[in-house]
S.K.: 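Here it is, the structure, as structure tokens.
Computed from a predicted model, the values in this text were never measured in an experiment.
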Amino acid sequence: MAKRFAVSAAGLLASVLIVALAASLGGLFGPGDWYRSLAKPDWNPPNWVFGPVWSFLYLSMAVAGWLVWMRRGERPVGVPLALHGAQLLLNAVWTPLFFGLHWMGLAFAEILVLEVFIIACVAAFWPVSRWAAALMAPYAVWVAFAAFLNFTLWRLN
């Protein structure tokens, strides 16, 4: 029992660290003066919204990945976890494209690919852990919104 708890806790910690790594890679590029100077639509969220939303989403991603990992041995988890890793990598790439290089068009194309991978991840998580799939759903919705915002900012600027 203690060994199972230790393995479970270690798995959760590893999942949190993996997601934190992806988040920190993207976090190297803050909005800065460039973003503040952009023309924005009226429905653009205030800057203070992004931190709490992304914190919640990253924690949800970490727990979702851990829930799927915990089902290894009971169900095939290789493809779902590979999709999870791929979407994390794509997530980390968007921020340098948009905020670092200011390549809004390429960032828009990349976020569309990210959205496809998130949806594929949710679909792959569903038969393994419905809770994991449900934890990823708000992320899919937020990234769809972020893609629309990215496109709008690109068009306005």
Side-chain angles (χ1 to χ4, degrees), residues 1-31 35 45 47 49-154:
M1 179 76 152
K3 182 179 178 184
R4 180 169 162 79
F5 176 79
V7 169
S8 177
L12 179 57
L13 179 61
S15 186
V16 168
L17 291 174
I18 290 166
V19 171
L21 177 62
S24 66
L25 289 175
L28 294 175
F29 302 90
Y35 183 74
N47 288 344
V49 168
F50 293 96
V53 168
W54 277 110
S55 295
F56 168 77
L57 295 174
Y58 282 125
L59 182 59
S60 295
M61 283 185 255
V63 172
W66 171 72
L67 287 171
V68 169
W69 177 80
M70 287 296 295
R71 301 296 303 266
R72 71 199 185 288
E74 299 171 34
R75 300 189 182 265
V77 297
V79 170
L81 291 177
L83 288 167
H84 188 52
Q87 69 79 20
L88 282 171
L89 180 61
L90 288 165
N91 177 296
V93 167
W94 181 86
T95 305
L97 288 176
F98 188 87
F99 289 115
L101 298 169
H102 308 164
W103 293 349
M104 291 190 278
L106 185 58
F108 175 65
E110 195 273 351
I111 204 170
L112 293 178
V113 174
L114 169 59
E115 183 69 13
V116 168
F117 271 82
I118 296 168
I119 292 167
C121 186
V122 171
F125 277 15
W126 183 258
V128 178
S129 169
R130 289 192 168 100
W131 282 107
L135 284 168
M136 293 291 288
Y139 174 45
V141 172
W142 181 261
V143 169
F145 169 76
F148 184 58
L149 179 57
N150 182 156
F151 177 78
T152 303
L153 292 171
W154 179 35

S.K.: Testing the basics here: between Gly11 and Trp66, what is the closest heavy-atom pair and its distance to 0.1 Å?
M.R.: C-CD1, 3.4 Å
S.K.: With Val128, which of Val79, Val68, Leu67 fulfils side-chain contact (heavy atoms from CB on, under 4.5 Å)?
M.R.: Val68
S.K.: Looking at every non-hydrogen atom in both residues, tell me the closest pair between Ala64 and Met136 and how far apart they are.
M.R.: CB-CG, 3.8 Å
S.K.: For Pro138 versus Phe56, what's the shortest heavy-atom pair and its separation?
M.R.: CB-CE2, 4.3 Å
S.K.: Give me the atom names and distance for the closest heavy-atom approach of Leu88 to Met61.
M.R.: CD2-SD, 3.8 Å
S.K.: Looking at Pro80 and Phe125, what are the two nearest heavy atoms and their distance?
M.R.: O-CE1, 3.4 Å
S.K.: To the closest 0.5 Å, what do you measure between CG (Leu135) and CZ (Arg130)?
M.R.: 14.5 Å
S.K.: Starting at CZ of Phe148, measure out to CD1 of Ile111 and round the result to the nearest 0.5 Å.
M.R.: 12.5 Å
S.K.: Closest heavy-atom contact between Ser24 and Leu21?
M.R.: OG-O, 2.9 Å
S.K.: With no hydrogens and no angle check, do the side chains of Tyr139 and Asn91 hold a donor and an acceptor under 3.5 Å apart?
M.R.: yes
S.K.: Which value, rounded to the nearest 0.5 Å, describes the distance between Trp154 atom CH2 and Leu149 atom CG?
M.R.: 14.0 Å
S.K.: Within the side chain of Ser55, is there an N or O that forms a donor-acceptor pair under 3.5 Å with the backbone of Gly51?
M.R.: yes
S.K.: Using 0.5 Å steps for rounding, measure from the OH atom of Tyr35 to the CZ atom of Phe98.
M.R.: 6.0 Å
S.K.: Would Trp126 and Val122 count as a side chain to side chain contact (heavy atoms under 4.5 Å, CB included) here? Give the steps.
M.R.: CA-CA 6 Å; Trp126 183 258; Val122 171; 5.8 Å; no
S.K.: Taking atom CH2 of Trp142 and atom CZ of Phe50, what is their separation to the nearest 0.5 Å?
M.R.: 5.0 Å
S.K.: Determine whether more than 12 heavy atoms belonging to other residues, nucleotides or ligands lie under 6.0 Å from atom CZ of Phe99.
M.R.: yes
S.K.: Nearest 0.5 Å, what's the CH2-CG distance between Trp94 and Leu114?
M.R.: 10.0 Å
S.K.: Between Trp54 and Tyr58, is the ring centroid distance below 6.0 Å?
M.R.: yes
S.K.: When you measure from the side chain of Thr95 to the backbone of Ala92, do you find a donor-acceptor pair of N or O atoms at a distance under 3.5 Å?
M.R.: no
